[in-house]
Student: 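Pasting a structure below so you can have a look.
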Amino acid sequence: MSLPDELSRRRMLMKLGILFNGAVGVVLGVPIVRYLLSPVIRERRPGYESWLSLGPLGQFPEGETRLASYRNPVANPSDGETANIPCWVRRVAGDKFQVFAINCAHLGCPVRWFPQSGLFMCPCHGGAYYADGSRASGPPERGLFEYPFKVDQGRLLIDAGQMPTTGAPTAKLINISAGRPPCA
């Protein structure tokens with residue numbers, strides 16, 4: 001028989017089990033807490049609001065569509081070549097450009113420009129786009145995504161900190177900006 005204030009083997013193993021489970025709980029809880037608090041403690045990188053150069057204007061002849069690339073503004077040194085992002089640049093006239101994301105609006109496959117037909121073609125599901133980026137045929141329900149651009153000191157700059165999405169055009173189409181819910 002053991003005395004009540006004496007530590008028995010059963011009580012010792014129970015306390016060790018609780019201590020071990022507590023340590024495992026803390027180790028598993030740290031990533032979860034960091035994830036939940038990340039919007040508060042994470043600083044926004046300056047690359048998100050930067051304009052990136054695609055090159056001098058002479059590199060893009062009028063009336064032609066050319067492939068260009070830029071370095072992802074929020075890339076890490078370990079990203080290597082994958083941080084170089086291609087895009088299609090179409091010089092309409094003078095300082096008027098259209099800069100398209102290379103990804104199809106359907107599932108994101110890279111589109112190719114075919115100057116013979118004047119079309120962007122998606123190899124995955126047969127999507128086709130006209131030279132101005134609008135939908136020609138196939139499964140995509142909209143045109144190619146466009147980057148905002150500006151011309152500064154003879155260079156073409158794009159705002160590529162965030163991938164272009166359908167958010168703004170869709171909001172205009174369904175009249176969300178009028179203050180009414182889309183179902184009304």
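Just so you know, these numbers come straight off a predicted model, no measurement behind them. No hydrogens, no waters, no symmetry mates; every other heavy atom, side chains included, goes into these values.
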Student: Counting heavy atoms not belonging to Phe149, are there more than 12 under 6.0 Å from its CZ?
Tutor: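 Atom CZ in Phe149 is crowded, with more than 12 foreign heavy atoms closer than 6.0 Å.
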Student: Distance check, rounded to the nearest 0.5 Å: Tyr70 atom OH versus Ile85 atom CD1?
Tutor: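 Spacing of OH (Tyr70) from CD1 (Ile85) equals 4.0 Å.
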Student: Using ring pair (Phe, Tyr, Trp, His ring centres under 6.0 Å) as the criterion, list what pairs up with Phe120, not counting sequence neighbours.
Tutor: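 Phe120: ring pair (Phe, Tyr, Trp, His ring centres under 6.0 Å) contacts with Trp88, Phe100, Trp113.
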Student: Might you point out which heavy atoms bring Val151 and Phe97 nearest each other, and give the distance in Å?
Tutor: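 Closest approach of Val151 to Phe97, heavy atoms only: CG2-CE1, 4.0 Å.
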Student: How many angstroms lie between atom CD1 of Ile32 and atom CG of Leu37, to the nearest 0.5 angstrom?
Tutor: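 It is 12.0 Å, given to the nearest 0.5 Å.
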Student: Is a side-chain N or O of Glu141 found less than 3.5 angstrom from the main chain of His106, in a donor-acceptor match?
Tutor: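 Looks like no, no N/O pair under 3.5 Å.
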Student: Could you report the tightest heavy-atom contact between Arg66 and Pro61, atom names first, then the distance?
Tutor: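 So the two residues come closest at NH2-CG, 3.4 Å.
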Student: Counting N and O atoms only, with roles assigned by atom type, does the side chain of Asn72 sit under 3.5 Å from a partner on the main chain of Ala83, one being a donor and the other an acceptor?
Tutor: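 No, Asn72 side chain to Ala83 backbone: no donor-acceptor pair under 3.5 Å.
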Student: Return the CG to CD1 distance between Leu67 and Ile102, rounded to the nearest 0.5 Å.
Tutor: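 If I round to the nearest 0.5 Å, the distance is 5.5 Å.
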Student: How about Trp51 and Pro148: do any of their side-chain heavy atoms sit closer than 4.5 Å?
Tutor: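 The answer is yes, as the side chains (C-beta and beyond) meet within the 4.5 Å cut-off.
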Student: My understanding is that only residues two or more places apart in sequence, or in another chain, count here; which of them pass side-chain contact (heavy atoms from CB on, under 4.5 Å) with Ala68?
Tutor: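 Only Leu54, Phe60, Cys87, Val89 meet the side-chain contact (heavy atoms from CB on, under 4.5 Å) criterion with Ala68.
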Student: Under the 3.5 angstrom rule, does the side chain of Arg91 hit a backbone N or O of Leu57 as a donor-acceptor pair?
Tutor: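 Yes; at least one donor-acceptor contact below 3.5 Å.
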Student: Are Cys109 and Cys124 within a span of less than 2.5 Å, counting SG to SG?
Tutor: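 A disulfide is present here, as the SG pair of Cys124 and Cys109 is separated by less than 2.5 Å.
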Student: Regarding Asp132 and Ser134, do their side chains bring together a donor and an acceptor under 3.5 Å, going by distance alone?
Tutor: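 A pair is found: one side chain offers a donor N or O, the other an acceptor, under 3.5 Å apart.
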Student: Can you tell me if Asp79 uses its side chain to pair, donor with acceptor, with the backbone of Asn76 under 3.5 Å?
Tutor: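 Yes: the side chain of Asp79 pairs with the backbone of Asn76.
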Student: Between Leu119 and Ala136, which heavy-atom pair has the shortest distance, and what is it?
Tutor: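 Taking Leu119 first and Ala136 second, the nearest heavy atoms are CD2-CB, 4.4 Å.
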Student: Could you please spell out the steps behind the side chain to side chain contact (heavy atoms under 4.5 Å, CB included) verdict for Val99 and Glu146?
Tutor: CA-CA 6 Å; Val99 183; Glu146 279 190 62; over 6 Å; no
Student: Grab the two heavy atoms, one from Ala128 and one from Met121, that are nearest each other, plus how far apart they are.
Tutor: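 Residues Ala128 and Met121, closest heavy atoms: CB-SD, 3.8 Å.
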Student: Atom CD1 of Ile18 and atom CG of Leu13: how far apart are they, to the nearest 0.5 Å?
Tutor: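 The distance works out to 11.5 Å.
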Student: With distance as the sole test, does Arg135 use its side chain to make a donor-acceptor pair with the main-chain N or O of Pro140 at under 3.5 Å?
Tutor: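 Judged by distance alone, yes, a pair lies under 3.5 Å.
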Student: For Cys104 versus Tyr129, what's the shortest heavy-atom pair and its separation?
Tutor: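 Looking at all heavy atoms of both residues, the closest pair is SG-OH, 3.0 Å.
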Student: Nearest 0.5 Å please: distance from the CD atom of Glu64 over to the CD atom of Gln59.
Tutor: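 Here the interatomic distance stands at 12.0 Å.
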Student: How long is the gap from CZ on Phe114 to OG1 on Thr65, to the nearest 0.5 Å?
Tutor: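 Reported to 0.5 Å precision, the distance equals 13.0 Å.
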Student: Write down the atom of Asn103, the atom of Leu144, and the distance for their closest heavy-atom approach.
Tutor: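 Asn103 and Leu144 have their closest heavy atoms at O-CD2, 3.8 Å.
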Student: More than 12 heavy atoms of other residues, nucleotides or ligands under 6.0 Å from CZ of Arg71: is that the case?
Tutor: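 Enclosed: over 12 neighbouring heavy atoms sit under 6.0 Å from CZ of Arg71.
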